[in-house]
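Everything below concerns the one structure shown next.
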2 protein chains.
Amino acid sequence: MPHDHSHCVADALTRADALCAERGARLTTLRRRVLELVWSSHRPRGAYAILEDLSQQDGKATAPLTVYRALEFLVEQGLVHRIESLNAYVGCAAPGPTHSGQFLVCEGCGDAAEVDDPQVRAAIETAAAARGFRVQRPTVEVRGVCKACQEKHP
Amino acid sequence: MPHDHSHCVADALTRADALCAERGARLTTLRRRVLELVWSSHRPRGAYAILEDLSQQDGKATAPLTVYRALEFLVEQGLVHRIESLNAYVGCAAPGPTHSGQFLVCEGCGDAAEVDDPQVRAAIETAAAARGFRVQRPTVEVRGVCKACQEKHP
DNA sequence: GTCATGACGTTACTATATAACCTTGCCGCC
DNA sequence: GGCGGCAAGGTTATATAGTAACGTCATGAC
């Protein structure tokens with residue numbers, strides 16, 4: 001499944017522009033640059049990796065806080081998700097009504113595919129409700145091996 | 001739901017002794033102490049919190065590695081689970097055939113209740129299979145508010 | 001007893017994240 | 001246009017989390 005990644009990035013940026021405009025949120029130059037760097041692959045990227053890219057682009061050191069603040073904004077807007085089990089961030093392909101999807105994280109290639117499966121959501125909601133627990137933010141991160149990697153290493 | 005927590009701890013240690021004996025795994029003094037410290041509450045505890053306890057008990061500084069190694073062992077044996085979204089560890093109330101449960105993490109009291117819901121498991125497995133993804137280790141950590149805390153703050 | 005192995009100690013280091021405080025620049029408003 | 005307010009971003013320092021490399025000691029097999 002070869003894909004033209006520049007499309008992914010361009011699309012993500014376009015959607016982000018639209019969404020922020022619509023919401024009156026300020027997608028500043030810095031935030032947009034960080035978003036672009038998060039999207040540089042489909043692999044979750046650590047804050048410090050992004051920090052390095054940023055520093056290199058600018059030819060001078062950037063402070064961690066700069067990146068963390070931008071990421072915080074992007075996560076709030078649902079443009080980026082944090083992968084807790086990796087301490088890393090990945091672009092959201094379908095931002096919109098703020099959601100919290102599930103992630104299939106491949107041990108082979110490192111890609112994190114986002115899915116939003118209603119059954120999984122429902123099962124979690126039901127299990128929680130049965131215990132009187134009110135769900136605010138479900139986190140589902142599944143480690144395993146993606147289809148492509150299975151085919152490569154049979 | 002007041003509960004005699006010393007029971008939880010004692011039970012956990014007894015089960016751990018039995019399980020390790022059965023498996024030929026060495027639950028050394030250090031590992032047992034760390035397990036006990038993890039169990040000091042039902043809240044996930046950070047490695048460094050445990051480290052401090054340990055250092056204080058001994059009256060001298062303990063190195064992080066000491067704790068991390070013990071935790072690694074306990075996690076491998078399924079006696080303790082790591083809560084990824086908190087970088088913290090919590091005792092497993094039902095160790096045995098190695099499992100990966102789901103956690104209901106309360107924002108109020110900080111308690112992490114472990115549940116092992118077959119529906120949730122199945123839904124994740126199905127969603128992954130539909131995408132050709134082979135599941136190795138699912139992580140489910142649900143943030144929200146537990147029953148007790150809801151009743152306290154209505 | 002000897003030896004292999006695994007547990008633990010020690011030192012140093014890397015990675016991830018936040019605190020406190022200040023400066024800048026944008027925006028609405030008069 | 002200028003002014004006041006506020007959010008964004010810069011700066012410095014520090015907290016928290018996790019590993020690497022290497023040595024020593026205890027335990028059990030033989």
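Quick caveat: nothing in here was measured; it's all calculated off a predicted structure. Lettering follows sequence order; numbering is per chain, from 1. All heavy atoms count here, side chains included; hydrogens, waters and symmetry mates do not.
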Check this for me, if you would: do B:Glu141 and B:Arg143 make a salt bridge, where the nitrogen-to-carboxylate-oxygen distance has to be below 4.0 angstrom? no
Looking only at the side chain of A:Leu30 (C-beta and beyond, no hydrogens), which of the listed nucleotides D:dG18, C:dA17, D:dG9 gets closest? D:dG9
5' precedence on DNA chain D between B:Leu86 and B:Arg26 (nearest-nucleotide basis): B:Leu86
For B:Leu35 and C:dA7, give me the distance from atom CG to atom P, rounded to whole Å. 16 Å
B:Ala47 has its side chain closest, among D:dT11, D:dG18, D:dA8, to D:dG18
Would you kindly check whether a donor in the side chain of A:Tyr48 faces an acceptor in the base of C:dA17, or vice versa, at under 3.5 angstrom? yes
What integer distance in Å separates B:Leu54:CG from C:dT10:P? 12 Å
In whole Å, I'd like the distance from the CZ atom of B:Arg33 to the P atom of C:dA7. 17 Å
On the 0 to 90° scale, with breaks at 30° and 60°, tag the B:Trp39-B:His5 ring pair as parallel, tilted or perpendicular. tilted
Does B:Arg69 contact D:dG18 through a side-chain donor or acceptor facing the base, at a distance under 3.5 Å? no
C:dA17 C1' sits how many Å from A:Arg45 CZ, rounded? 18 Å
Whole angstrom value for the distance that separates P of C:dG6 from CD of B:Glu76: 12 Å
Does a nitrogen or oxygen in the side chain of B:Thr66 sit under 4.0 Å from OP1 or OP2 of C:dC8? no
Is the phosphate of D:dA8 approached by A:Arg32 (side-chain N or O, under 4.0 Å from OP1 or OP2)? no
I'd like to know if B:Asp53 pairs up with B:Arg45 as an ion pair, taking the criterion as any Lys NZ or Arg NE/NH1/NH2 lying under 4.0 Å from an Asp or Glu carboxylate oxygen. yes
Contact under 4.0 Å: B:Asn87 side-chain N or O vs C:dT16 OP1/OP2: no
What is the distance, rounded to the nearest whole Å, between atom OH of A:Tyr68 and atom P of C:dA20? 18 Å
Let me spell it out: for each of B:Tyr89 and A:Lys60, pick the nucleotide of DNA chain D with the closest heavy atom. Which residue's pick is nearer the 5' end? A:Lys60
Parallel, tilted or perpendicular for A:Tyr68 and A:Tyr48, by the 30°/60° rule? perpendicular
Taking atom P of D:dA17 as reference, at what distance in whole Å does atom CD of B:Glu72 sit? 18 Å
Establish, from distance only, whether the side-chain atoms of A:Arg33 and A:Gln57 form a donor-acceptor pair under 3.5 Å. yes
Categorize B:Leu65 for me: base, sugar-phosphate, or nothing, with a 4.0 angstrom heavy-atom threshold over every strand shown. base
Side-chain N,O (A:Thr28) to OP1/OP2 (D:dG9) below 4.0 Å: yes
Starting from C1' on C:dT14, measure out to CG on A:Leu51 and report it in whole angstrom. 14 Å
